[in-house]
Visitor: 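Pasting in a structure now, in structure tokens, and then I'll have a few things to ask.
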2 protein chains.
Amino acid sequence: MAQLSDNIEKFIKDLMEEGTQVELRRNELAQHFGCAPSQINYVLATRFSINHGYVIESRRGGGGYVRIVRMCQRNEDNLLSVLMNQIGGEIDEESAVAIIKHLLDLQLVTRNEALIMRSAMQQDALALPVSAKNVLRASVLKSMLKQVFRNAQRGDKA
Amino acid sequence: MAQLSDNIEKFIKDLMEEGTQVELRRNELAQHFGCAPSQINYVLATRFSINHGYVIESRRGGGGYVRIVRMCQRNEDNLLSVLMNQIGGEIDEESAVAIIKHLLDLQLVTRNEALIMRSAMQQDALALPVSAKNVLRASVLKSMLKQVFRNAQRGDKA
DNA sequence: TATTCTGACTTTCTTTGACTATTATACCGG
DNA sequence: CCGGTATAATAGTCAAAGAAAGTCAGAATA
């Protein structure tokens, strides 16, 4: 249950706390969790990706480090167009969910709205090639985003 | 003749108790009952389907799980399964919008939520035959409905 | 005969280890 | 003292093994 990767993710997020970034030694962390160092890379890749809103900077060699930076929230003004660009013609489910979570963080949508949007992103039942699903998902997400930003402009509170 | 499936069903329902959901390991449960793991899937499919008012979420791989969530009936006895049947494999935009409006009338969704759902139903940009769009729409709508009827209280943590 | 149950096969997610790449530092010849 | 080179100390990559859960056709059973 409490998976190694999940624990490492939590550990890092705890380290971040209120700050916007954290720096660590990959090998030390691996040792702390008694795992292979590359496990750390796995966690970073699957939980701290760009789509999750993080950037990883690192350096090898003596005194090397891994720095995890939480991206600052983008200006809401052009957020819609930024997101539209980011989505493009297709998007995978994970990235879509990350975008929705971002909206939630920015309080542009309520928790329930985010959940509904997220559910619209899971098309697992559809018997289609993944690439086609990504195209469909992009279309649906963009449509919903336009709606959300219409609401946001009005400043509606449901 | 207390059938194995019946026992498993009862076991799961006991686990749920008053709660709205329960999480378990498929293999552990199978072992507990000394049966094939796929037996669990059979029980889930035949006793915990959407029409029974449940949704199943799961994850594979290390640390995998199966989560069984009981839906909210909200006095509208079996509205969800009625709607699911009504939607079937495809649905046109007009009917979808009608269903969403119905949910709004019943105050099962807020106005904003309804707007978002409706926007997810308009796939005009998509260069696809109408029939294909209807299939896609059905899939997205059903997915959102499941979310709406989930028992999670408003403002709940996932 | 319809329902239940199983097993082989598939898919997804995690973890590891061997190999590679980069950087800092120590060491050397000039 | 300077510049280059070897060495050590890091981190990165990738493929393969491991650890779950899913699917489905067919056997077993009520």
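Every chain is numbered from 1 and lettered A, B, ... according to where its sequence line falls, protein lines coming before strand lines.
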Visitor: For the pair made of OH in B/Tyr65 and C1' in D/dA19, what is the distance, rounded to whole Å?
Guide: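 Atom OH in B/Tyr65 sits about 15 Å away from atom C1' in D/dA19.
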Visitor: Would you say a side-chain N or O of B/Arg59 is under 4.0 Å from OP1 or OP2 of C/dT14?
Guide: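 It does, given that an N or O in the side chain of B/Arg59 lies less than 4.0 Å from OP1 or OP2 of C/dT14.
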Visitor: If I take atom CG in residue A/Leu44 and atom C1' in nucleotide D/dG12, what distance separates them, rounded to the nearest angstrom?
Guide: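 Distance, rounded to whole Å: 11 Å.
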Visitor: Has B/Arg118 got a side-chain atom pairing as donor or acceptor with B/Val97's backbone, closer than 3.5 angstrom?
Guide: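 Pair absent, no side-chain N/O of B/Arg118 close to backbone of B/Val97.
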Visitor: To the nearest Å, how far apart are A/Glu28 CD and D/dA11 C1'?
Guide: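 From A/Glu28 CD to D/dA11 C1': 13 Å.
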Visitor: When you measure from the side chain of A/Arg70 to the backbone N and O of A/Gly19, does any donor-acceptor pair fall under 3.5 Å?
Guide: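 Judged by distance alone, yes, a pair lies under 3.5 Å.
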Visitor: Looking at B/Asp6 and B/Arg47, does any basic side-chain N land under 4.0 Å from a carboxylate oxygen?
Guide: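 Looking at B/Asp6 and B/Arg47, the cut-off is met.
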Visitor: Please check this pair: side chain of A/Lys142 against backbone of A/Gly88, looking for a donor-acceptor N/O pair closer than 3.5 Å.
Guide: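 At least one qualifying donor-acceptor pair exists.
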Visitor: Please report, rounded to the nearest Å, how far the P atom of C/dT16 is from the CD1 atom of A/Ile40.
Guide: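 From A/Ile40 CD1 to C/dT16 P: 10 Å.
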Visitor: Can you label the angle between the A/Tyr54 ring and the A/Phe48 ring as parallel, tilted or perpendicular, going by 30° and 60°?
Guide: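 The rings of A/Tyr54 and A/Phe48 stand perpendicular, inter-plane angle above 60°.
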Visitor: A/Ser38 side chain: which of D/dA21, C/dT16, C/dT22 is closest?
Guide: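 Closest of the options to the side chain of A/Ser38: C/dT16.
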Visitor: Is the closest side-chain heavy-atom distance between B/Met117 and B/Gln147 below 4.5 Å?
Guide: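 No, every pair of side-chain atoms sits at 4.5 Å or beyond.
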Visitor: Rounded off to whole Å, could you give me the CD-to-C1' distance for the B/Glu57 and C/dC13 pair?
Guide: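 One finds 17 Å between C1' of C/dC13 and CD of B/Glu57, rounded.
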Visitor: Using heavy-atom distances to pick each residue's nearest nucleotide on DNA chain C, tell me which of B/Arg26 and B/Gly62 is more 5'.
Guide: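 Of the two residues, B/Arg26 wins.
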Visitor: Take atom CZ of A/Arg60 and atom P of D/dT13, then tell me their distance rounded to the nearest Å.
Guide: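 Going from CZ in A/Arg60 over to P in D/dT13 covers 7 Å.
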Visitor: Which label fits A/His32 and A/Phe11: parallel for a plane angle under 30°, tilted from 30 to 60°, or perpendicular past 60°?
Guide: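 Aromatic pair A/His32/A/Phe11 classed tilted.
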Visitor: Just compare D/dT13, D/dA21, D/dG22 and give me whichever is closest to any side-chain atom of B/Asn41.
Guide: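 Out of D/dT13, D/dA21, D/dG22, the nucleotide with an atom closest to B/Asn41's side chain is D/dG22.
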Visitor: How close or far is atom P of C/dT6 from atom CZ of B/Phe33, stated in whole angstroms?
Guide: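 Rounding to the nearest Å, CZ of B/Phe33 and P of C/dT6 are 12 Å apart.
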Visitor: Shorter than 3.5 Å, N or O on both sides, protein versus nucleotides 2-5 of chain C: list them out with atom names.
Guide:
residue : atom : partner : partner atom : Å
C/dT4   : OP1  : B/Arg47 : NH2          : 3.4
C/dT4   : OP2  : B/Tyr42 : OH           : 2.3
C/dT4   : O5'  : B/Tyr42 : OH           : 3.1
C/dT4   : O3'  : B/Gln3  : OE1          : 3.4
C/dC5   : OP1  : B/Leu4  : N            : 3.2
C/dC5   : OP2  : B/Ser5  : N            : 2.9
C/dC5   : OP2  : B/Ser5  : OG           : 2.3
C/dC5   : OP2  : B/Gln39 : NE2          : 2.7

Visitor: Can you check whether B/Val140 reaches B/Gln123 side chain to side chain, under 4.5 Å on heavy atoms?
Guide: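 Sidechains of B/Gln123 and B/Val140: no contact.
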Visitor: Using five pairs at either end of the helix from C/dT1-D/dA30 to C/dG30-D/dC1, determine the angle between the two local helix axes and round it to 10 degrees.
Guide: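 Here the local axes at opposite ends form an angle of 10°.
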Visitor: Want to settle it: does B/Gly61 or A/Gly34 sit nearer the 5' end of DNA chain C, counting the closest nucleotide to each?
Guide: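 Counting from the 5' end, the first nearest nucleotide belongs to B/Gly61.
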Visitor: Determine whether a donor-acceptor pair (N or O, by modelled atom type, separation under 3.5 Å) exists between the side chain of A/Gln107 and the backbone of A/Leu104.
Guide: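 Not at all, since once roles are kept as given, no pair shorter than 3.5 Å links the two residues.
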Visitor: Check every strand shown and say whether A/Gly64 touches a base, only sugar-phosphate, or nothing at a heavy-atom separation below 4.0 Å.
Guide: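 Sugar-phosphate: the residue A/Gly64, judged by heavy atoms under 4.0 Å, touches backbone atoms but no base.
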Visitor: Within this structure, what is the CZ-to-P distance between A/Arg25 and D/dT10, rounded to whole angstrom?
Guide: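 So the CZ-P distance, A/Arg25 to D/dT10, works out to 5 Å.
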